[in-house]
Amino acid sequence: METEKVRLLIIGSGPAGYTAAIYASRANLNPVLYAGLQPGSQLTTTTEVENFPGYPQGVDGNQLMEDLRQQAERFGADLRQGVATQADLSERPFKITIDGSKVIEAETLIIATGAAAKYLGLEDEKKYAGMGVSACATCDGFFYRKKTVAVVGGGDTACEEATYLAGLAAKVYLIVRKPFLRASKIMQERVMNHPKIEVLFEHNAEGLFGENGVEGVHLVHRRGEADERHYDLPIDGFFLAIGHKPSSDIFKDYVETDAAGYIVTEGSSPRTNVPGVFAAGDVADPHYRQAITAAGSGCKAAIEAERFLLNAASNG
Ligand code: NDP
């Protein structure tokens, strides 16, 4: 198999990956970045990004990623298409297989592969993507001011998103498949006591309807029971909050991950348990998951990689 040696390999093309590439290329590390399955990351699936500092009028998610990409390219980062399909981090140089056909031998590695929101798997979620379906209340909630929305899920994320949306929308339905919430007590209380939130226990969403965007959801109450009941609920926005899955699978045999698959880093640094391997952005962040926090951690990862290479050079 074709082999190539690099000083720094970055995997992922979200704000973390591109920011790492900007810093690393300015530090003359000649980084090579592989964009992964979804070049430009989750941000290319949202419309307007209004909370990234530096864009007072907001910016289209695709444009923001294109700006970051060009900024990385300007300083000579080698940006490539390709997906990391296998990893051997047992010794340096680390060996990362790209598209199953090429091996990159990297002295240092930044994992910035992100996380993907989970969806229910309904055809209508794809049909109405960007037209009323969202998996990020902080990103898209603003568009539902004084409107009616539904949030699916019964965990902390769902309760947090419902509470956030209730500050903007006229009415929030929380669609929970079980007869109880899984969220922490304090979040449960916040949701149950909020005048604008109505919790629909033992409900499942089966589809969406609407002419030019979401106008309602097909619901089923007590699915599979003798008193199963189907009905339609008018809504303007449908938010998924049933969890995220970090894209860490190929690294799990080497880097420490938590029960949900997030890569564990040392304190607030991007250092993993494998010296020379750093993790930045959503793949290592179960808490904030924002473009700006991802960019910040990408910056830290590049600085750490530079220091690591300097130390390795002076020790070796
Ligand atoms: P969780 O896994 O805790 O909850 C997921 C929720 O989605 C559950 O209610 C689950 O239902 C429901 N769900 C999953 N799949 C489906 C489906 N197919 N149809 C309908 N409902 C579904 O994920 P979260 O993202 O909420 O939280 C992840 C972790 O992050 C947790 O540890 C949480 O405590 C933590 N967190 C903490 C926060 C905080 O402290 N402020 C904020 C956000 C998250 P069921 O219960 O039936 O399985």
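Both ligands and their constituent atoms are indexed starting at 1 by order of listing. Quick caveat, the model's predicted, so the values are computed rather than measured.
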Got a protein heavy atom sitting under 4.0 Å from [atom]?
atom                    : result
atom 32 (O) of ligand 1 : no
atom 17 (C) of ligand 1 : yes
atom 47 (O) of ligand 1 : yes
atom 8 (C) of ligand 1  : yes

Residue and atom name of the nearest protein heavy atom (relative to [atom]), distance in Å to one decimal:
atom                    : value
atom 3 (O) of ligand 1  : R182 CD, 3.4 Å
atom 20 (C) of ligand 1 : R177 CD, 3.5 Å
atom 37 (C) of ligand 1 : D156 CB, 3.7 Å
atom 23 (O) of ligand 1 : G243 CA, 4.1 Å
atom 41 (N) of ligand 1 : E160 OE2, 2.9 Å
atom 24 (P) of ligand 1 : T157 OG1, 3.2 Å

Exercise for the section: Using distance alone, with no hydrogens and no angle criterion, decide if D88 and S90 have a side-chain donor and acceptor under 3.5 Å apart. Expected result: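 Yes - a donor-acceptor pair under 3.5 Å links their side chains.
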
Would you call [X] and [Y] a salt bridge, using N to O less than 4.0 angstrom?
X    : Y    : result
K95  : E105 : no
E304 : R271 : yes
R80  : E4   : yes
R223 : E228 : no
D99  : K102 : no
R289 : D282 : no

Exercise for the section: Select the closest option to atom 13 (N) of ligand 1 among I186, L122, I242, judged by heavy-atom distance. Expected result: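 Heavy atom nearest to atom 13 (N) of ligand 1 belongs to I242.
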
Practice task
State the atoms of ligand 1, each with its element, that fall below the 4.0 Å cut-off from a heavy-atom position in G154.
Solution key: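 Result: 6 (C), 7 (O), 8 (C), 9 (O).
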
Exercise for the section: Mark up the atoms of ligand 1 that fall under 4.0 Å of a heavy atom belonging to K178, in ascending order. Expected result: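 Ligand 1 atoms under the 4.0 Å threshold to K178: 45 (P), 46 (O), 47 (O), 48 (O).
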
Handout entry: NZ or CZ of R69 within 45° of Y18 ring axis and under 6.0 Å
Key =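 No, cation not above the ring by the 6.0 Å, 45° rule.
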
Handout entry: ligand 1-proximal atoms of L120, by part, heavy-atom distance under 4.0 Å
Key =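 The side chain, only.
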
Practice task
Check whether I110 and L79 end up in the same hydrophobic cluster, where Ile, Leu, Val, Met, Phe, Trp and Tyr are linked by side-chain heavy atoms less than 4.5 Å apart.
Solution key: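 I110 and L79: one cluster.
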
